[in-house]
Amino acid sequence: MNTDLNRVIQKLCGAVICAALLTSTAIARDKPNPLGSARQLKTDVAGLDAPAQILVDVWGIPHIYAGNEHDLFFLQGFNAARDRLWQIDLWRKRGLGLLAKDFGPAYAEQDKALRLFLYRGDMNAEWAAYGPKAKTYADAFVAGVNAYVADVRAGKRPLPIEFRIAGTMPDPWTADDVVRIRSHGLTRNVASEVKRSLVACAAGLDADRFRVKLEPAWTTKVPDGLDPCGVPKAVLAAYDLATRPVAFAAPKDKQAALTHDPDKYLTEADQQRDTIGSNNWVIAASRTATGRPILANDPHREHSVPSLRYIVGLNAPGLSVIGAGEPALPGISIGHNGTIAFGLTIFNVDQEDLYVYELNPQNPNQYRYGNGWEDMRVVHETEQVKGEADRDFELKFTRHGPVIYVDDANKRAFAVRSIWFEPGTSAYFGSSDYMTAKDWNGFLAAMRRWGAPSENQVYADTRGNIGWVAAGKTPRRANFDGLMPVPGDGRYEWQGFLSLDELPKAYQPKQGFLATANQMNLPADYPVAERKVGFEWSDSARWQRITEVLAANSKVTLADAMDLQNDDTAMLGRRLVKLLQPLTSDDPNVKKGLELLKPWDARDAADSAAAAVFEVWIANHLGPRLLKTTAPKAADLIAPEASSISALVAYLESPDASFGADPAAARDQILRDSLGAAVADVTGKLGPDASTWRWGRLHVAKFDHALMPLADKATAAQLSVGPLAYGGAANVPRAATYRRADYQLFAGASFRMVLDVGNWDASRTINTPGQSGDPFSAHYRDLAPLWATGQYVPLLYSRPAVEAATAEAIILTPR
């Protein structure tokens, strides 16, 4: 890998810069003008207090150098607008429910839904929840964004092409916009609550074991007062609209693109349990080849162009951090500050509940609570609509949260209670607190304030310490488990929140490493009945493989860590192949499948024929065949995804009477039949010659900009990146979730980071498809081929190394 990386560096930069990067940063110090070969751009900026620099390296990573904290975060906002203005402007308009103003009446319903989920509490409490400098950082960041926006609106800076395609202009921000928006954050199990109710109504609650495995071992029940058959399939239409990305479509397709499809939504929500997450690990100095800790992180989300994450270095007197964050937020959430390093994955706290209310037949704005009727809070807001008169939105709220659905015929209403509505739960904004910590205790102090998303935070420092802490606002449910909707009449209430000390953590572990991958990682003696953190976790397959590799290597190198992030070993594949070993068949398709899978190394490699058969098998054939036998009434509801088959694999390993009188024989027949169907499917897609089959022919990465449907053909081509053949799958360390319909990749790790703690310039990273949001910038797509082949670029920290790698130096002065 190192040799390949050196070749990549040689291709991406000039000889002098490459020499500095590949030998020693000391070369930069010896050069009289390290930035002499960089393209110079000088600009004045209204609102900047003192001269500053943004040094953009050859990989598109900006390193901001300012004389004070205000200018630093001001320039972070300014630079985010410079590189990602369309993305962050749309983030704001979507989050605040302002889409119809720019894009027309088709978006009015989405705006109404989005406004239901805004934070509407005390703003003083909100800002205080994040730590002492949160408001200061946000004020400066927003001022920087607005400075750039003002220049664009005045014609002093070019209007990005996305605004010209959409026919819109960027708007100014307020600091409150940054934190009031909640709906861009990761959500939890309210969709699963609805799905469980539908399964319980159709086939009984026991059938839900084929959909999701509850961990720790837990038996749920239908809450007293709930009729599962009274939960409408479309109850989450507003919730779906509030949490989905903005979709753009040609006029003839617009209605379909913006319509709620409950079956599709609930299936995709189930899939997120195993597809939207992350891997991270931290290794003690005693187990690395360098004698320094290594911290690795690769967060998994839906892929997009531009990327969800943005890598940036922030430098001012007393503050120097580098890493990735979300471009619309100040600070970084994954990276290091020269003393400590930090990385996150989702810790699956159940942070929301669906409440069901009996409505007063005489007053639809009252619901049963206790022994009487309680008034809903009704809010009216004006919505500007492009091409039409303003509209009035009527938004209703119960004591638990926004009313998302009213069943008029049965006089029921449904509302969501979420930690989103508590102070301090703007997604990832709390990272502005911990990114400046200098030791474990300071890090824990920031974690005590952390709200959302709930995270496994791993930690390492230059003194050789490593740790892990689970943090996030965690409801305390005394008399219910959060797995199904509950009546909103007062019987099922949260009793506050668990403290950080009631959640698990570890420091300086004996085994010398810590790893998380969204798996159930509550300790064996954790008091689950008392602290019902959550019961729906990702399959442990990624974590099993990561720990298997780390435990077997007592001298881990940075290259080993990068290889592990790109490891495509399928632990679930191993388990299923074991079940196939004793099977035989005369059917030619089944025989071919067995011949490919029995000797398979369980690697979802892009060049593997067996991987193509395996993934097609588990995506579209194994689960449906199994469910038609074991839970026919719920088969269409469960519709298992390839990413979430752990419950089915566990059942196949220990079949019971649901398979009939001879469970093992019935299981084996289902394995044969479904495998034969999968081979026939692959033959239809890739041709009859199995020697030409490759997983990468089916599994491709393609990054399509949301605005492509509105662009002309040439511009649409410029907006797209790929396709690129790609290995991996949802439940392997090289997370790469695909659509069942065509196997195209849509979620996984776009950003990866491996840190050499203490020797920071040796650290490596990758973002995809590139750093820039400008389709005509070289940095819009330049990192995608490296990412697709498991390669990285340096994450440079020291000023000399940054200067040696600088391609563009932006010199900023006050206006």
Side-chain angles (χ1 to χ4, degrees), residues 191 195 211 233 240 244-245 247-250 252-276 300-305 570 572 589 593 604 606 608-609 611-628 635-645 648 674-687 693-706 708-709 716 720-732 735-748 750 788:
K195 197 69 166 285
R211 184 180 67 90
K233 184 182 287 189
D240 173 19
R244 67 165 63 170
F248 297 98
K252 64 182 177 64
D253 302 321
K254 186 172 291 186
Q255 183 175 354
L258 299 176
T259 299
H260 172 69
D261 180 338
D263 291 310
K264 179 183 178 183
Y265 170 72
L266 290 171
T267 296
E268 290 177 349
D270 257 355
Q271 187 183 56
Q272 285 193 1
R273 187 167 47 253
D274 284 297
T275 62
I276 307 299
H300 310 156
R301 294 284 291 274
E302 288 190 16
H303 289 317
S304 62
V305 55
L572 287 169
N589 283 332
D604 276 315
S608 170
V613 171
F614 175 75
E615 291 298 334
V616 170
W617 181 38
I618 65 170
N620 285 305
H621 299 283
L622 177 59
R625 293 288 177 113
L626 170 61
L627 289 166
K628 285 177 182 177
D636 292 338
L637 284 169
I638 294 175
E641 296 284 340
S643 60
S644 185
I645 63 165
L648 301 184
S674 59
L675 180 58
V679 170
D681 194 354
V682 175
T683 301
K685 289 178 168 61
L686 300 181
W693 294 356
R694 300 288 183 269
W695 175 223
R697 288 179 60 191
L698 293 173
H699 191 233
V700 298
K702 190 169 184 287
F703 302 87
D704 289 338
H705 197 287
M708 283 176 60
S720 181
V721 180
L724 300 163
Y726 200 73
N731 275 318
V732 305
T737 302
Y738 52 81
R739 297 191 300 238
R740 290 174 69 196
D742 60 7
Y743 305 97
Q744 182 170 316
L745 179 70
F746 75 86
S750 59

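Treat the numbers as computed from the prediction; the structure is a model and nothing was measured. All values below come from the heavy atoms of this structure, side chains included, with hydrogens, waters and symmetry mates left out.
- Residue Ile638 holds its CD1 atom at 5.0 Å from CG of Leu627, rounded to the nearest 0.5 Å.
- One distance of note links CG of Asp253 with CZ of Phe248; it measures 14.5 Å at 0.5 Å rounding.
- The two atoms that bring Gly696 and Ala725 nearest to each other are O-CB, 3.6 Å, heavy atoms only.
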Between Asp240 and Asp261, is a side chain to side chain contact (heavy atoms under 4.5 Å, CB included) present by the stated rule, with each step listed? CA-CA 9 Å; Asp240 173 19; Asp261 180 338; over 6 Å; no
So Phe746 and Glu268, side chain to side chain contact (heavy atoms under 4.5 Å, CB included) or not? Walk me through it. CA-CA 12 Å; Phe746 75 86; Glu268 290 177 349; over 6 Å; no
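- Side-chain atoms of Trp693 come within 3.5 Å of backbone atoms of Gly687 as a donor-acceptor pair (strictly under, hydrogens ignored).
- When all heavy atoms are compared, the tightest approach of Ala247 to Ala257 is CB-O, 4.0 Å.
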Should Gln272 and Glu302 be marked as a side chain to side chain contact (heavy atoms under 4.5 Å, CB included) after you check the CA-CA gap, both sets of side-chain angles, and the distance that decides it? CA-CA 10 Å; Gln272 285 193 1; Glu302 288 190 16; 4.2 Å; yes
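- Between Tyr743 and Tyr738, the ring-plane angle classifies as tilted under the 30° and 60° cut-offs.
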Apply the test side chain to side chain contact (heavy atoms under 4.5 Å, CB included) to residues Ser720 and Lys702: give CA-CA distance (whole Å), side-chain angles for both, the deciding distance (0.1 Å), then the verdict. CA-CA 7 Å; Ser720 181; Lys702 190 169 184 287; 3.2 Å; yes
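- Between the side chain of Thr683 and the backbone N or O of Val679, at least one donor-acceptor pair lies under 3.5 Å.
- With rounding to the nearest 0.5 angstrom, the OG1 atom of Thr737 is 6.0 Å from the CD atom of Gln271.
- Val616 and Ala678 make their closest contact through CG1-O, 4.0 Å (heavy atoms, listed as atom of the first residue, atom of the second, distance).
- Looking at every heavy atom in both residues, His300 comes nearest to Ala735 through CE1-CB, 3.3 Å.
- At a threshold of 4.5 Å between non-hydrogen side-chain atoms, the residues Leu648 and Leu622 do not count as touching.
- Taking each heavy atom of Ser674 and Arg625 in turn, the nearest pair found is CB-CG, 3.8 Å.
- At least one donor-acceptor pair closer than 3.5 Å links the side chain of Arg740 to the backbone N or O of Ala619.
- Lys195 contributes a side-chain N or O that, together with a main-chain N or O of Leu637, makes up a donor-acceptor pair within less than 3.5 Å.
- Rounding to the nearest 0.5 Å gives a distance of 11.0 Å between CD of Glu615 and CG of Asn620.
- If you take NE2 on His699 and CG on Asp742, they are separated by 10.5 Å, rounding to the nearest 0.5 Å.
- Taking NZ of Lys628 as the start and CG of Asp636 as the end, the distance is 8.0 Å to the nearest 0.5 Å.
- The nearest pair of heavy atoms linking Asp681 to His621 is OD2-NE2, 2.9 Å.
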